[in-house]
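Structure, as structure tokens:
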Amino acid sequence: MAEPLRVVVTGAAGQIAYSLLYMVAKGDVFGPNQPLILHLLDIPPMMSVLEGVVMELADCALPLLHGVVPTDDPAVAFKDVAAAFLVGAMPRKQGMERKDLLSANVKIFKVQGEALDKYAKKDVKVLVVGNPANTNALVCSRYAPSIPKENFTAMTRLDQNRAQAQIAAKLGVPVRLVRNLIIWGNHSSTQFPDASHAVVDLNGKLTAVPEAVNDSTWLASQFVETVQKRGAAVINARKMSSAMSAAKAASDHMRDWFLGTQPGQFVSMGVLSDGSYGAPKDVVFSFPVTITGGKWEIVRELQVNDFARKMLDTTGKELEEERQEAISVIGA
Ligand code: NAX
């Protein structure tokens, strides 16, 4: 058997982690032959809750789980880790402006970036889930100069999975037959869920989703809005934010990053923008990517029509504003 891989999950006493830890520890992400040592980081007041999570992980009797390290110390949490799920963040409280939330969170991700820089493996793959995920990932990478910038990503996979599920439901087909939905830009309500390059397997024949759906008005309006507002719809119904689906998306993201995408398939990830598709540079922007050998690459030369252009510009502008706000909190 391989040497155990050290993996950190922050916000480990929270609700996303509660689903995510099980998925990771049973082999959904790093494969069925990869033993793991899980590092669990949370804040001091949550240590007793975390103790319960550690007990439950032990009680799962998972063969791949070789060790668990619960801690409130970033120096311990990030030591020698090869993968980092940065889930923990300050939640939005009543009366809190978006700006206040951003300000609280960029400070957390500055500290975690510094700890990754100091203690993690230099090829650590970092997935930021905690919101505002894209800008948190940008901040984190800035404070970890010894780790390549491409090793910092933000999660838009939940949005991608939501989009895929909406298309499958519209066409009345199983979700596995639909692929190549794209989420462009920010993980926020300005994101652009784009079905124009997606395909569906209809009776063994790959068909373009716009052709199969045959309703361009729905694709440009109701579909986009449903995906953009899905998080709020789940909160309304459950009185708590998406957790199981967020954990599944984080698993999907990290698994594809480590193990690669399938031929003919692309997935969406928030990555440091090189200005592709006219997106602003130096923000963490969600693009369609393919992955081989642990390296992601932006899919090139997709057609961007006028509607898409407008949507990409809106979400790009929001990311530039967030970067500006982050800089005003932590300095350039
Ligand atoms: P919870 O409030 O249940 O858990 C968060 C945990 O993080 C808590 O246990 C808290 O003590 C801990 N925490 C806070 N500051 C920390 C720090 N400095 N170091 C370590 N741990 C810290 O939230 P949960 O529902 O699990 O959501 C976590 C984050 O995911 C939130 O920021 C949320 O907005 C974000 N989401 C992002 C999504 C995405 O697609 N990118 C979707 C789901 C989710 O809304």
Side-chain angles (χ1 to χ4, degrees), residues 8-23 39-54 69-78 84-93 96 98 100-116 126-137 139-140 143 152-163 183 185-189 191 193 227-236 238-254 267-270 284 286 322:
V8 64
V9 176
T10 75
Q15 53 150 3
I16 293 177
Y18 193 70
S19 293
L20 176 63
L21 289 169
Y22 177 62
M23 294 176 192
H39 292 202
L40 311 183
L41 179 70
D42 212 296
I43 52 176
M46 295 304 283
M47 284 302 108
S48 61
V49 175
L50 194 57
E51 232 172 82
V53 175
V54 174
V69 182
T71 182
D72 57 10
D73 180 357
V76 175
F78 292 107
F85 292 90
L86 304 187
V87 181
M90 170 86 80
R92 192 167 187 156
K93 295 184 189 130
M96 208 176 187
R98 205 173 70 102
D100 304 329
L101 181 76
L102 190 126
S103 158
N105 280 306
V106 294
K107 287 178 200 146
I108 293 177
F109 285 84
K110 176 182 177 201
V111 170
Q112 297 191 349
E114 286 166 344
L116 280 160
V126 182
L127 164 59
V128 177
V129 176
N131 280 320
N134 299 53
T135 300
N136 287 340
V139 168
C140 204
Y143 285 92
F152 292 84
T153 61
M155 185 166 99
T156 51
R157 185 61 171 263
L158 176 54
D159 308 298
Q160 180 197 309
N161 288 348
R162 287 166 172 166
I183 304 298
N186 201 1
H187 168 70
S188 76
S189 57
Q191 65 173 268
V227 177
Q228 286 175 335
K229 295 182 180 157
R230 187 69 160 183
V234 170
I235 294 177
N236 270 344
R238 226 171 71 87
K239 313 296 170 222
M240 284 197 286
S241 57
S242 309
M244 176 172 54
S245 54
K248 162 65 167 49
S251 296
D252 288 346
H253 177 122
M254 195 65 98
V267 295
S268 292
M269 276 167 61
V284 170
S286 180
E322 282 189 13

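The shown structure was predicted, so the numbers you read here are calculated from the model rather than taken from an experiment. When a ligand or atom number is given, it counts from 1 through the structure's own listing order.
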Testing N161, T153, T156 for side chain to side chain donor-acceptor pair (under 3.5 Å) with H253, which one passes?
T153
For ligand 1, the portion of M240 having any non-hydrogen atom under 4.0 Å away
neither
Have a look at A12, S188, G14 and point out the one with the heavy atom closest to atom 4 (O) of ligand 1.
G14
For ligand 1, which is the ligand I care about here, please tell me if D159 has any N or O atom under 3.5 Å from one of the ligand's N or O atoms.
no
Return the closest protein heavy atom for atom 14 (C) of ligand 1 as residue, atom name and distance.
A89 O, 3.5 Å
Distance col, row F85:CZ vs S251:OG, nearest 0.5 angstrom, shows 6.0 Å
Name the closest protein heavy atom to atom 6 (C) of ligand 1, giving the residue it belongs to and the distance to 0.1 Å.
G11 CA, 3.5 Å
For the CG atom of D42 and the OG1 atom of T10, what is their distance to the nearest 0.5 Å?
8.0 Å
Going by heavy atoms, is Q112 under 4.0 Å from ligand 1?
yes
Where is the nearest protein heavy atom to atom 42 (C) of ligand 1: which residue, which atom, and how far?
L158 CD2, 3.7 Å
Which pair of non-hydrogen atoms, one from Q160 and one from I183, has the smallest distance, and what is that distance?
N-CG1, 3.4 Å
What protein heavy atom sits nearest atom 9 (O) of ligand 1, and how far off is it?
D42 OD2, 2.7 Å
From the options V54, V8, T71, select the one residue that forms a side chain to side chain contact (heavy atoms under 4.5 Å, CB included) with L40.
V54
Is A13 close to ligand 1, meaning an N/O of one under 3.5 Å from an N/O of the other?
no
Which distance, rounded to the nearest 0.5 Å, do you find between the NZ of K110 and the OH of Y143?
4.5 Å
Assess whether atom CE of M244 is packed by more than 12 heavy atoms of other residues, nucleotides or ligands within 6.0 Å.
no
Find all atoms of ligand 1 within a distance of less than 4.0 Å from any non-hydrogen atom belonging to I108, and give their numbers and elements.
15 (N), 18 (N)
Quick one: side chains of residues 228-236, donor-acceptor pairs under 3.5 Å with protein atoms, not counting sequence neighbours, listed by atom name and distance.
unit_1 : atom_1 : unit_2 : atom_2 : d
Q228   : NE2    : S189   : O      : 3.2
Q228   : NE2    : Q191   : O      : 2.8

Using only atom types and a distance under 3.5 Å, with no angle test, would you say the side chain of N131 pairs donor to acceptor with the backbone of A89?
no
First locate atom CG of N136, then atom CG of L86, and finally report the distance between them rounded to the nearest 0.5 Å.
9.0 Å
Nearest neighbour of atom 23 (O) of ligand 1 from the list Q15, M90, H187, on a heavy-atom basis
Q15
Is there a donor-acceptor pair closer than 3.5 Å between any side-chain N or O of Q15 and the backbone N or O of A243?
no
Nearest non-hydrogen protein atom to atom 44 (C) of ligand 1, with distance, is I16 CD1, 3.6 Å
Would A243 count as a contact residue for ligand 1, given that I'm defining contact as a non-hydrogen atom of the residue lying under 4.0 Å from a ligand atom?
no
Counting from 1, what ligand 1 atoms have a heavy atom of S241 closer than 4.0 Å?
25 (O)
Rounded to the nearest 0.5 Å, what's the gap from CE on M155 to CD1 on I16? Could you check?
6.0 Å
Of all the atoms in ligand 1, which lie at a distance below 4.0 Å from a heavy atom belonging to M46?
9 (O), 11 (O)
Just let me know how A246 lines up against ligand 1, side chain, backbone, both or neither, with a heavy-atom cut-off below 4.0 Å.
side chain
Which distance, rounded to the nearest 0.5 Å, do you find between the CD of E322 and the CG of N186?
4.5 Å
Considering all protein heavy atoms, does one lie under 4.0 Å from atom 2 (O) of ligand 1?
no
Can you sort out which atoms of ligand 1 are near V87, meaning under 4.0 Å from one of its heavy atoms?
28 (C), 29 (C), 30 (O)
The one among N131, L86, L127 that brings a heavy atom closest to atom 34 (O) of ligand 1:
N131
Among non-hydrogen protein atoms, atom 17 (C) of ligand 1 lies closest to I43 CG2, 3.6 Å
I need the nearest protein heavy-atom contact for atom 37 (C) of ligand 1: residue, atom name and distance, please.
V129 O, 3.0 Å
